Amino acid sequence: DDVLALLEPEAAPTAERHAETLVARGFVRPVTDGVLRFRHALVQVAVYRAAPKRLRAELHERFTTLLEGRSPELGDVDEFAGYHFERAFGLRTELGEGADIRATSLAAEGGRRLGAAGMRTFRRGDMPATLNLLARATSLLPEGDPLSRELRCNLGIALNAVGHIDRAIAVLAAVVTDSRRADDERMEAWARLELEFVQSRRESRRGDHLLEAAAHGIPIFERAGDRRALGRAWLFTGWVHGGHRSDHAAWADGAERALTHYREAPWPTSTCLGELAAALYWGPTPVDDAVTRFEQLLEDPSTDIVGAAYVRAMLGGALAQRGDVDRGRELAESAQVTLEELGHRLVALTYGATVRGEIELLTGEGAAAERIFRSICDGLSAAGDFGALASRFSDLAEALVVQGRLDEAEACTELAERHAADDDVNAQMMWRPVRATILARRGAFAPAEELARQGAEIADGTDDLNRRAEAHRDLGDVLRLAERRSEAAASFDRAVELFELKGNAVGAAHVRALADDLALV
């Protein structure tokens, strides 16, 4: 039927006879009644290339009319139609007709169709397909087209998600410039917001620029009714306060606000769920309460595959703290695999893999933790995500200390210190206790105690109960090595208290064992 529809009317009556001849000669073969397939892909390529370019262009364009009536059968008709418009435009360009009205119309329609298909794959969380479709769509649309700015901003978000940070920065910076020229206030504010987020990760700089971009954008997005951009402004606000400055209550609040706006957009809520789950896991919410919330989110029918992966990672970490280590490992690993398969490479490292490494540190498995955190650091370094590197280098250093490899561990703390932004409280409170432990094991007790107390003081200014407990545990270890037993016991007691507030039974049991050993000396 497709062939008949593409033939000139006078040639249609001969189609069946020609098809029978082609089958007899082995060029094509019948699949089902009325459906033929080329015997080999090379036959199709040879026939296609032998046809004149102008004829190919006309047939590509004409075939889109057939596709419109078959959308239920095809699924995403925009992707198929976009491909044919794209090919028609490309062939006309090769014929020197790329600038005429017909060709530019083909390019615009192809860009619109591929862009629509790309946004659907974005909603499904399929990053490789999203990159492919949006890159092709934006290459067809003129830069001055408002749709081009919208799609390029989404392309920048997708590029960052898969770890192409430098390309994301270039794309988003161009959208900011083009939007300013076009006096497109909403797009300029949104692209600037996304650009500030990516640059904050790339350059390990203070979060003030991102907070300012969010504060500037929120009233603009509200006036424009852009719920998705408004949700992202709240997401980034929460991330600066929580993921950067360790105020996890503010992080959860930002994620909850974003969740409301995403639902009103409507847009898949996976990113909001990921940020909310991270705030609950790393913040002051007791483990039992966090587990209950995670399980509720996983049972919610609106939670998609990406959102479920985020939540499973944090549920795994929480269950491990409660003592169900094997189940925790299984959940965190499956979450990382899902995120990687869908192309979410950065969050697969910063969320899924990070939780896996923390589980190994929690259980004293230094070699396993080292493998995971070294892989994370390598991946973040390759992507240029230096903001997240600082904290992960500290984790790697701790894994090396567990194995007694102090020189390597110290080098990692130096890298952590170098990459930590001034206001990155999480990073600043992590490298100090690890280096303090290294110094104390070498007998340099005075500088070790100073660093350990700095780490505990910074941690106590946050609501991260686990990090606070770990900082006091490490301070107690430094004091124990310095043979100041009563002070060490007090630090261990404080660490146990904080772990118990969080509900981290495994962490509390480990510190109690340290305190018992101290009492026996």
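Basis for what follows: all heavy atoms, side chains included, without hydrogens, waters or symmetry-related copies. All of these numbers come straight from a predicted model, not from anything done at the bench.
By the salt bridge (charged side-chain N to carboxylate O under 4.0 Å, His left out) test, E295 pairs with no residue at all, sequence neighbours left out. Under the rule for a salt bridge (charged side-chain N to carboxylate O under 4.0 Å, His left out), E341 has no partner lying at least two apart in sequence or in another chain. Under the rule for a side-chain hydrogen bond (donor to acceptor under 3.5 Å, both in side chains), E365 has no partner lying at least two apart in sequence or in another chain. By the salt bridge (charged side-chain N to carboxylate O under 4.0 Å, His left out) test, E94 is found to be paired with K53, residues two or more places apart in sequence or in another chain being considered. In terms of the side-chain hydrogen bond (donor to acceptor under 3.5 Å, both in side chains) criterion, residue partners of R257 (sequence neighbours excluded) are, by chain and number, D253. When the salt bridge (charged side-chain N to carboxylate O under 4.0 Å, His left out) test is applied to E20, no partner is found at least two apart in sequence or on another chain.
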Show which side-chain atoms of residues 4-15 pair as donor or acceptor with protein atoms under 3.5 Å away, not counting sequence neighbours.
residue : atom : partner : partner atom : Å
T14     : OG1  : A11     : O            : 2.8

Output side-chain donor-acceptor pairs under 3.5 Å for residues 116-129, partner residues at least two apart or in another chain, one line each.
residue : atom : partner : partner atom : Å
R120    : NE   : D76     : OD1          : 3.4
R120    : NE   : D76     : OD2          : 3.4
R120    : NH2  : D76     : OD1          : 2.9
R120    : NH2  : D78     : OD2          : 2.2
T121    : OG1  : G118    : O            : 2.8
T121    : OG1  : T130    : N            : 3.4
T121    : OG1  : T130    : OG1          : 2.9
R123    : NH1  : P266    : O            : 3.0
R123    : NH2  : P266    : O            : 3.4
D126    : OD1  : A129    : N            : 3.3

Please tabulate, for the side chains in residues 297-309, all donor-acceptor contacts under 3.5 angstrom to protein atoms that are two or more places apart in sequence or on a different chain.
residue : atom : partner : partner atom : Å
D300    : OD1  : S302    : N            : 2.9
D300    : OD1  : S302    : OG           : 2.8
D300    : OD2  : S302    : OG           : 3.4
T303    : OG1  : L297    : O            : 2.7
D304    : OD1  : V306    : N            : 3.3
D304    : OD1  : G307    : N            : 2.7

Can you give the donor-acceptor pairs under 3.5 Å from side chains of residues 375-384 to other protein atoms, not counting sequence neighbours?
residue : atom : partner : partner atom : Å
S381    : OG   : C377    : O            : 2.8

Does the pair E360 and R371 meet the rule for a salt bridge (charged side-chain N to carboxylate O under 4.0 Å, His left out), with working shown? CA-CA 10 Å; E360 301 306 330; R371 285 192 296 273; over 6 Å; no
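For residues 159-169, every residue pair satisfying the salt bridge (charged side-chain N to carboxylate O under 4.0 Å, His left out) rule, not counting sequence neighbours, is listed here: D166-R202. Pairs engaging residues 32-42 under the salt bridge (charged side-chain N to carboxylate O under 4.0 Å, His left out) rule: none recorded [sequence neighbours left out].
The environment of R49 atom CZ is sparse: at most 12 non-hydrogen atoms of other residues, nucleotides or ligands sit within 6.0 angstrom. Within 6.0 Å of CG in L55 there are more than 12 heavy atoms belonging to other residues, nucleotides or ligands.
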